[in-house]
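As the structure lists them, so they are numbered: ligands from 1, and atoms in each ligand from 1.
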Amino acid sequence: MRTLTIPRPDDWHVHLRDGAMLASVAPFSAGFGRILAMPNLVPPVDTAAAARAYRARIAATGAPFAPLLATYLTDRTDPDDLEAGFRAGDLVAVKWYPAGATTHSDRGVTDVRHVAAVLERMAAIGLPLLVHGEVTDRRVDIFDRERVFLETILGPLLDRLPALRCVVEHATTRDAVAFVRSRPNTAATITPHHLWWNRNALFEGGLRPHAYCLPVLKREEDRQALRAAATGGDPRFFAGTDSAPHPVHKKEADCGCAGVFCAPTAIAAYAQVFDEEQALDRLGGFLSQHGAAFYRLPVSAETVQIEERAWTPPECIAIEGGTVRVFLGGETLRWAVSG
Ligand code: NCD
Ligand code: ZN
């Protein structure tokens, strides 16, 4: 049996939600030492004080990871509040959701010009900007929205503010990989599901709402570019699961929610991808080192063991009033976290 010992992984992009859902899903991120919780609650976590309060609610679940917070950028974000929160450790990053791009993004940025002063301050103090990089223009094909965002919005912004530290969250395209490689101070998170599936998964024998997430799955050539980026050892690419739980009844609906709940299987899925790419020696970099370096935090002093062992994750987990489907639930995985 092959085993691997790596520093405890971190998840640099996860939706833990709030209330009863938070209590139900937080334990499934227990394989990670630190998690960066996304702020798209209702109402959004859009001030340092809100971040502090949300962090306390996450910690109160007793889940065995250290929660880190990103606040939600709005047209009215106060740069002084961000700077004070960053210096106090209440937030480690700021998340830019273009208004209307995804779940609970309606309070997001309507025009990059509205946040110019905030972004300048962030560049000056080294506070990272995390980007949901999709344009919302309905005339742009949904499969092109990431590329067009990078070309028309983020690229020009970083030309003006090259010192801005930026993460292209849940990168899904070959274009995003090339964008990150071509720019200083820029990184990307990559999800397990975008490494696993291409867009055919959405239509495999019928319509598959549980493969629907945003940014939507892309072509096989994009998946291959993501796999090369994740497994290639480049420190600009690191793990962010984008685990995004929604109740089954809200996904299997006339207008189903976007999001894949991958927290329970993410580490195993990443390990299997790295094994398939003959890059297991680089798994620790991607899961445990590159993100910490980007966020200027120490690599975990704890280790975890990952072993080659077949197991079948449950299809669903129970939540209050329903269930949530698990990414790869019911399938046989080849790697597992020991213990
Ligand atoms: C996320 C969610 O449900 O909060 N959904 C998703 O498909 N990834 C939002 C997001 O990260 O876009
Ligand atoms: Zn997300």
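For residues 90-101, every residue pair satisfying the salt bridge (charged side-chain N to carboxylate O under 4.0 Å, His left out) rule, not counting sequence neighbours, is listed here: R52-D90. The salt bridge (charged side-chain N to carboxylate O under 4.0 Å, His left out) analysis of residues 273-288, with sequence neighbours excluded, yields the pairs R2-D275, R227-E276, R227-E277, D275-R334, E276-R334.
Among protein heavy atoms, atom 5 (N) of ligand 1 sits closest to A258 O, 3.1 Å. At the shortest separation from atom 12 (O) of ligand 1 among protein heavy atoms lies T102 OG1, 2.7 Å. In terms of protein heavy-atom proximity, atom 8 (N) of ligand 1 is closest to D242 OD2, 2.7 Å. Of all protein heavy atoms, the one closest to atom 11 (O) of ligand 1 is H15 NE2, 3.0 Å. For atom 7 (O) of ligand 1, the nearest protein heavy atom (residue, atom name, distance) is L214 N, 2.8 Å.
Between D75 and R113 there is no salt bridge, since none of the side-chain N atoms of the basic residue sits less than 4.0 Å from a carboxylate O of the acidic one. Remark: R219 does not engage D222 in a salt bridge, criterion side-chain N to carboxylate O under 4.0 Å.
The contact set between ligand 1 and A244, taken as ligand atoms under 4.0 Å from a residue heavy atom, comprises 1 (C), 2 (C), 3 (O), 5 (N). Atoms of ligand 1 lying under 4.0 Å from at least one heavy atom of C213, given by number and element, are 7 (O). Taking a cut-off of under 4.0 Å to the non-hydrogen atoms of H132, the atoms of ligand 1 that pass are 12 (O).
Counting heavy atoms closer than 4.0 Å to ligand 1, residue H246 contributes side-chain atoms (C-beta onward) but none from N, CA, C or O. Residue-level proximity to ligand 1 for N40 is carried by the side chain, the only part with a heavy atom below 4.0 angstrom.
When the side-chain hydrogen bond (donor to acceptor under 3.5 Å, both in side chains) test is applied to E220, the partners found at least two apart in sequence or on another chain are N198, R223, Q224.
Residue contact check for ligand 1: E169 places no non-hydrogen atom closer than 4.0 Å to it. The shell of residues lying under 4.0 angstrom from ligand 1, judged by heavy atoms, includes H170.
A cation-pi arrangement is present between R199 and F143 under the rule of less than 6.0 angstrom and at most 45 degrees off the ring axis.
The six-membered or imidazole ring of W12 lies near that of Y295, with a centre-to-centre distance under 6.0 Å. Taking the six-membered ring for Trp and the full ring otherwise, H170 and H194 have centroids separated by 6.0 Å or more.
With H15 as reference, D242 is the one residue of T103, D242, T241 to meet the side-chain hydrogen bond (donor to acceptor under 3.5 Å, both in side chains) rule.
Note: F274 and F286 have tilted aromatic rings, judged against thresholds of 30 and 60 degrees for the angle between ring planes. Classified by interplanar angle (parallel below 30°, tilted 30° to 60°, perpendicular above 60°), the ring pair Y97/Y72 is tilted.
Distances shorter than 2.8 Å separate the Zn ion (ligand 2) from the protein N/O/S atoms H13 NE2, H15 NE2, D242 OD1.
Of the listed residues (H193, H13, R17, K250), the one carrying the non-hydrogen atom nearest atom 2 (C) of ligand 1 is R17.
Looking at heavy atoms from C-beta onward, V131 lies out of side-chain contact with V168 at the 4.5 angstrom threshold.
In terms of N/O distances under 3.5 Å, ligand 1 is approached by G259.
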Exercise for review: Might you work through the side chain to side chain contact (heavy atoms under 4.5 Å, CB included) test for L130 and H13, ending with a clear yes or no?
Suggested key: CA-CA 10 Å; L130 315 184; H13 183 134; over 6 Å; no

